[in-house]
Student: 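Dumping the structure here so I can ask a few things about it.
Chain letters run A, B, ... following the sequence lines, proteins first, then strands; residues in each count from 1. The shown structure was predicted, so the numbers you read here are calculated from the model rather than taken from an experiment.
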Amino acid sequence: MGMNSWPTDISEARQIQDALSKQVKIIPLKKMPELIAGVDASIDSGKVTAVASLYEYSGLRHIEDAFSVKEVRFPYIPGFLSFREGETVIDAIEKLRIKPDIILFDGQGIAHTKGIGIASHIGVILDMPSIGCAKSRLVGRFKEPAAEKGSWTYLYHNDRRVGVVLRTRSSVKPIFVSLGHRVDIDSSIKIVMKCVYKYRIPEPLRRADSLSREIL
DNA sequence: GCGACAG
DNA sequence: ATCTTGTCGC
């Protein structure tokens, strides 16, 4: 799995990003998902705790949760987040008894310096459709979206549309939705909005986030 | 050299 | 990410 693909230093991490970035595929999502998972991680005293929460897409019904705890092996460096949480996040996803059709990540997809943020990185490794949902910007240019819920503007980076800045709640700071792997922008917007109940962050990610701290 | 900088 | 109470606004 991730034996030769988990680096200890930055130069090694860069090589992995260069290799994996070529494998990211931005193509139309084949079918709307029936099952969707949100994954997030928390850090505490040298440990990474990752949680994967599975939901039924239509109706947003919770189905199951899985988690994993591992030693921190990499520091947090902007642009290299996946090397800090990736290993644990993958383990949590693989512990789900039922496999999701698509995964939501707390971070960027291709809206990344090297075009391979955590959503794209893990999407490629697992070869599964994925979407990045970050609370703030890493790279890219954009116009502020209108104040109404559902409004969005494109996020551009290197003359490419890498995602959108999406207002999930009226008059509340927008989130940065970016293409992960095997998805397109229209599907990403539709899927993320469908997962929003009454808060800014999509439910699968909110649950994974709160559970990951609870497990600490 | 300076500022920016997912979690 | 994490440290942390009350408080302003819809």
Student: Hey, are A/Asp186 and A/Lys190 close enough for a salt bridge, meaning a charged N less than 4.0 Å from a carboxylate O?
Tutor: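 No.
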
Student: Stems involving DNA chain B: give each as a range paired with a range, ordered by first number, where a stem means at least three consecutive Watson-Crick or G-U wobble pairs under 3.5 Å.
Tutor: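 Output for stems: empty, none.
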
Student: Indicate the ring-plane relationship of A/Phe83 and A/His121, choosing parallel, tilted or perpendicular according to the 30° and 60° boundaries.
Tutor: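 Taking A/His121 first and then A/Phe83, their aromatic rings stand perpendicular (interplane angle over 60°).
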
Student: Under 4.0 Å, counting only non-hydrogen atoms across every strand here, what does A/Phe80 touch: a base, just sugar-phosphate, or nothing?
Tutor: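 Counting heavy atoms under 4.0 Å across all strands, the contact made by A/Phe80 includes a base.
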
Student: Rounded to the nearest 0.5 Å, what separates atom CZ in A/Arg200 from atom CG in A/Leu166?
Tutor: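 Here the interatomic distance stands at 10.5 Å.
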
Student: Okay, side chain of A/Glu64, backbone of A/Ile98: is any donor-acceptor separation there less than 3.5 Å?
Tutor: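 Yes, A/Glu64 side chain to A/Ile98 backbone: donor-acceptor pair under 3.5 Å.
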
Student: Does a side-chain heavy-atom distance below 4.5 Å link A/Val139 with A/Asn158?
Tutor: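 Of all side-chain heavy-atom pairs linking A/Asn158 with A/Val139, none is under 4.5 Å.
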
Student: Which distance, rounded to the nearest 0.5 Å, do you find between the CD1 of A/Ile103 and the CD1 of A/Ile90?
Tutor: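 Going from CD1 on A/Ile103 over to CD1 on A/Ile90, the span is 9.5 Å.
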
Student: For DNA chain B, which nucleotides open and close the run of contacts to chain A, 5' to 3', at under 4.0 angstrom from a non-hydrogen atom?
Tutor: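 The footprint of chain A covers B/dA4 to B/dG7.
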
Student: Mind checking A/Arg169 for me? I need base, sugar-phosphate or nothing, with any heavy atom below 4.0 Å counting as a touch.
Tutor: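 It contacts nothing in the nucleic acid.
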
Student: Flag the pair A/Leu35 / A/Lys99 as yes when at least one side-chain heavy-atom distance between them is below 4.5 Å, and no otherwise.
Tutor: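 Side chain of A/Leu35 against side chain of A/Lys99, heavy atoms only: no contact under 4.5 Å found.
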
Student: Within a strict 4.5 Å, meaning less than it, do heavy atoms of the A/Val39 and A/Phe105 side chains meet?
Tutor: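 In short, these two side chains touch, coming nearer than 4.5 Å.
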
Student: Would you classify A/Gly79 as touching base, sugar-phosphate or nothing, given that sugar-phosphate means primed atoms plus P, OP1 and OP2, and contacts are heavy atoms under 4.0 Å?
Tutor: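 Touches a base.
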
Student: Please verify the inter-ring angle class for A/Tyr55 with A/His62; under 30° counts as parallel, over 60° as perpendicular, anything in between as tilted.
Tutor: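 Judged by the thresholds at 30° and 60°, the geometry between A/Tyr55 and A/His62 is perpendicular.
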
Student: When you look at A/Thr88 and A/Asp91, which way does the side chain to side chain donor-acceptor pair (under 3.5 Å) test go after all the steps?
Tutor: CA-CA 5 Å; A/Thr88 318; A/Asp91 197 33; over 6 Å; no

Student: Answer yes or no for A/Lys194 and A/Tyr57: cation-pi contact, defined as NZ/CZ to six-membered ring centre under 6.0 Å and angle to ring axis within 45°.
Tutor: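 Yes; both conditions hold, so A/Lys194 lies above the ring face of A/Tyr57.
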
Student: So that I can tick it off, tell me whether A/Glu87 and A/Arg73 are bridged by a salt bridge, with the cut-off set at under 4.0 angstrom between side-chain N and carboxylate O.
Tutor: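 A salt bridge is present here (some side-chain N lies under 4.0 Å from a carboxylate O).
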
Student: Can you tell whether the side chains of A/Asp65 and A/Arg207 come within less than 4.0 Å, N to carboxylate O?
Tutor: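 The answer is yes: the pair qualifies as a salt bridge.
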
Student: Among residues 37-54 of chain A, which ones have heavy-atom contacts with DNA chain C below 4.0 Å?
Tutor: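 Contacting residues: A/Ser42, A/Ile43.
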
Student: Please list every stem that involves DNA chain C, where a stem is a run of 3 or more consecutive Watson-Crick or G-U wobble pairs with both pairing distances under 3.5 Å.
Tutor: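 Paired runs of 3+ in DNA chain C: none detected.
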
Student: Taking 4.0 angstrom as the limit, do A/Arg167 and A/Glu144 come out as a salt bridge?
Tutor: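 Looking at A/Arg167 and A/Glu144, the cut-off is met.
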
Student: Between the protein and nucleotides 7-10 of chain C, are there any N/O to N/O pairs under 3.5 Å, and if so, what are the atom names and distances?
Tutor:
none

Student: What pairs meet the side chain to side chain donor-acceptor pair (under 3.5 Å) rule with one or both residues in residues 25-47 of chain A, with sequence neighbours excluded?
Tutor: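 Applying side chain to side chain donor-acceptor pair (under 3.5 Å) to every pair that reaches into residues 25-47 of chain A, excluding sequence neighbours, yields A/Lys31-A/Asp101, A/Ser42-A/Ser212, A/Lys47-A/Glu71.
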
